[in-house]
There are 2 protein chains.
Amino acid sequence: MMPGDLFPRHMMTIKGKATSLDIAHMAGVSQPTVSRALRGSPMVNAETRKRILEIARQLNYKVDKNASSLRCQQSGTLALLFFEDPTPDDSLINPFFHSMLGSITRACALHGHDLLVSFQQLSSDWHADFEDSNKADGIILLGYGDYHESVERLERLVEQGTHFVRWGAALPGQPGVSVGSDNFQGGFDITTHLLDQGCRRIAFLGHADSHYPEFAERYRGHAEALRARGLTPEAALQHDAITTEDSGHNACLALLDRGERFDAVCAASDLIAIGALRTLRERGLRVPDDVAVTGFDDIPLAGSVSPALTTVQQDTKQAGQLLVEKLLGLIAREPVEGINIPVKLVVRESSRRQAL
Amino acid sequence: MMPGDLFPRHMMTIKGKATSLDIAHMAGVSQPTVSRALRGSPMVNAETRKRILEIARQLNYKVDKNASSLRCQQSGTLALLFFEDPTPDDSLINPFFHSMLGSITRACALHGHDLLVSFQQLSSDWHADFEDSNKADGIILLGYGDYHESVERLERLVEQGTHFVRWGAALPGQPGVSVGSDNFQGGFDITTHLLDQGCRRIAFLGHADSHYPEFAERYRGHAEALRARGLTPEAALQHDAITTEDSGHNACLALLDRGERFDAVCAASDLIAIGALRTLRERGLRVPDDVAVTGFDDIPLAGSVSPALTTVQQDTKQAGQLLVEKLLGLIAREPVEGINIPVKLVVRESSRRQAL
DNA sequence: CTGAAAGCGCTTACAG
DNA sequence: CTGAAAGCGCTTACAG
């Protein structure tokens, strides 16, 4: 170290944040060597590295992510876009997505990535430019809504070469990579369970068309289970509903007011089922004795409502992990396929008939 | 434009993302002019600006955030750190925090900022270096837990000059800026309500000491309400609990097993109250007739459990907004004070006595 | 109103 | 094993 050269740079920046150049001066090495040492490069002398690391620790030095991201052209950050349903009011996010958020953040942390979160109105232009601006290396799309309204934008993302995965039914012919639950199997299993409980006329609450592919798959499983027992699905027993409690409440009400008779409600989601529970309670119908009720998702609420809700559990932990891993795969330009994750039937009181 | 100079730069980068230099070449201006035009600087000729904007649109150009953040030394990003309670398992985040997340993301968007989300184990070292690495301009801390365990780290953040706000009881002598609910008033109001319903022996479920300042404030309000009616708070009627359903269940059970008699449960949170509801149901006690029950938070579940839960509503919308605004104030080096937000009593069936 | 120059703090060839 | 050089893509004085 040259006497006249003592820490001039460091003296100047001591007030602000320390940079790798400050450390270089203090350690008497060049700035690239500091960079190498901090990144654990093997081509740095062990003692030099130790000295550098110690100084960095003392100065509470942290690598400037903007600089390193700019240089490396990748950010180590993923973006999560939540799409909200009609309710643009406060904070009524589907509880199911909350679990997903938890597992996604955890999976990101596990892979050393940070997570940007953004809520989107379905209608508005997607704020999907996190990748374009190099703030994120890829995007996770999460949220129900009319599939037909989003498919065009998905295609544009594919076209632009944006790295993204979406949570939803993984069906052939969709743009991009999807990770979802095995909705068909879930619908099949829970309907079979209702049949096993002696139910014969099962109302299905939830959209059953291509606008809502996940619900449609659940309905397909539902119908298949009926047919497997020699029953015929009746269109009159299906009523559209989106995944809110109110929507479920209204759908159940509509069927009752229309004079439909049924001994079970197979709801396309827990929130819908909880809305139906309310309708049935208001009408003095006992659950499960008069009408058995089932949901889908196994949100935390499902076990706490009264009667506790039989439902299909989605494996959110695995889902979050897979979403992150598939996305990282895409970013690494590996071949990536969509997947449907196995589900699990969870039987609780809402469908347990006393007498068989 | 010199003939020999036609788009050479552009030709080279047309495969990758467009940069401001590409646009400059195409528009026949210098790169700084492009930068100015895109940022809406008034010192750019209107026609030039128009031409530049059009080219940028065609190329789907987005400003590189890493470059601009590096240059400007600020990221336009805030970080949200969730601290989780004991349950390191999956995704059991307090539903109350979910609402907060919603309102915080919305407030961020409103102020043109992005949000990084990270979950922390309380025990581990805080991953609070988002600001040190220039990934975020400031940090929002969110999560219950033992205050004594975090206060030291909060002090270190203050010392380091980190910009942060935390959600929690805003009490004198705390390090940093806190935004919280008026927990004292909430505890006072809901206890007064129980007294108005004819309750006389009210159990309080939740920690009531300085380890959990928010709960302690609620208890203080509770005790004050009793005294205002000439009653004396009894230590035997208070039982510690953290904000989980299980903890509430156990606390209520412990009081019953200990032989305490009470005609109301004033729980320090909705989750605790819901746990208590379960205990009471298991013991064959009717709510509200035998025991009235109240919570605190007004999570979505509160209105859906049976009987629906009387509780104190925290204004999460305003909370999220204030957290973001206070933090932005700190970042802008404005003087910023903590605040306690007014709360609202929400009366539902769980405390409505038939006969007064 | 516009351009040439400098520089934010890194990482990565390249040369030794 | 280490250093000098270049450059990632911006923004901001500075000069005109």
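Labels below follow one simple rule: chain letters A, B, ... track the order of the sequence lines, proteins then strands, and each chain is numbered from 1.
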Residue pairs fulfilling salt bridge (charged side-chain N to carboxylate O under 4.0 Å, His left out) with at least one residue in residues 55-73 of chain A, sequence neighbours excluded = A:Glu54-A:Arg57

Nucleotide [N], atom [atom2] - distance to [atom1] of [X] in whole Å:
| X | N | atom1 | atom2 | value |
| --- | --- | --- | --- | --- |
| B:Lys65 | C:dG9 | NZ | P | 20 Å |
| B:Glu47 | C:dT2 | CD | P | 10 Å |
| B:His25 | C:dA4 | NE2 | C1' | 13 Å |
| A:Ile23 | D:dG3 | CD1 | P | 15 Å |
| A:Asp64 | C:dT11 | CG | C1' | 13 Å |
| B:Ile52 | C:dC1 | CD1 | C1' | 12 Å |
| A:Asn66 | C:dG7 | CG | C1' | 15 Å |
| A:Arg71 | D:dC10 | CZ | P | 16 Å |

Closer than 4.0 Å, any side-chain N/O of [X] to the OP1 or OP2 of [N]?
| X | N | result |
| --- | --- | --- |
| A:Tyr61 | C:dG9 | no |
| B:Ser30 | C:dT2 | no |
| B:Gln73 | C:dG7 | no |
| B:Thr33 | C:dT2 | no |
| A:Thr48 | D:dC1 | no |

inquiry  = Using heavy-atom distances to pick each residue's nearest nucleotide on DNA chain C, tell me which of B:Asn45 and B:Leu70 is more 5'.
reply    = B:Asn45

Can you sort out the partners of [X] under side-chain contact (heavy atoms from CB on, under 4.5 Å), two or more places apart, ordered by chain and number?
| X | value |
| --- | --- |
| B:Ser75 | B:Ser69, B:Thr77, B:Asp137 |
| A:Gln160 | A:Asp132, A:Arg156, A:Thr162, B:Asn60 |
| B:His111 | B:His113, B:Val324, B:Glu325, B:Leu328 |
| B:Arg49 | B:Ala37, B:Val44, B:Leu53 |

inquiry  = If the condition is side-chain hydrogen bond (donor to acceptor under 3.5 Å, both in side chains), which residues does B:Ser30 pass it with, not counting sequence neighbours?
reply    = B:Thr33

query = Would a 4.5 Å heavy-atom cut-off, applied to side chains only, mark A:Arg106 and A:Leu110 as touching?
reply = no

ask   = Any side-chain heavy-atom pair from A:Leu154 and A:Val158 closer than 4.5 angstrom?
value = no

remark   = When A:Arg49 and A:Gln31 are each assigned the nearest nucleotide of DNA chain D, the 5'-most assignment goes to A:Arg49

message = I need the single residue from A:Ile140, A:Thr105, A:Leu142, A:Leu80 that forms a side chain to side chain contact (heavy atoms under 4.5 Å, CB included) with A:Met100. Which is it?
response = A:Leu142

request  = Have a look at B:Ser35 and say if it touches a base, only the backbone sugar-phosphate, or nothing, with a 4.0 Å heavy-atom cut-off.
outcome  = base

query = Can you tell me which stems DNA chain C forms when a stem means 3 or more consecutive Watson-Crick or G-U pairs under 3.5 Å?
reply = C:1-3 with D:14-16, C:5-12 with D:5-12, C:14-16 with D:1-3

ask   = Where the side chain of B:Val29 is defined as all heavy atoms beyond and including C-beta, which of C:dG3, D:dC10, D:dT2 is the nearest nucleotide?
value = C:dG3

request  = Mind checking salt bridge (charged side-chain N to carboxylate O under 4.0 Å, His left out) for A:Arg333 and listing every partner two or more places apart, or none if nothing turns up?
outcome  = none

Between the protein and nucleotides 13-15 of chain C, list the N/O to N/O atom pairs that are separated by less than 3.5 angstrom.
| unit_1 | atom_1 | unit_2 | atom_2 | d |
| --- | --- | --- | --- | --- |
| C:dA13 | N6 | A:Arg36 | NH2 | 2.8 |

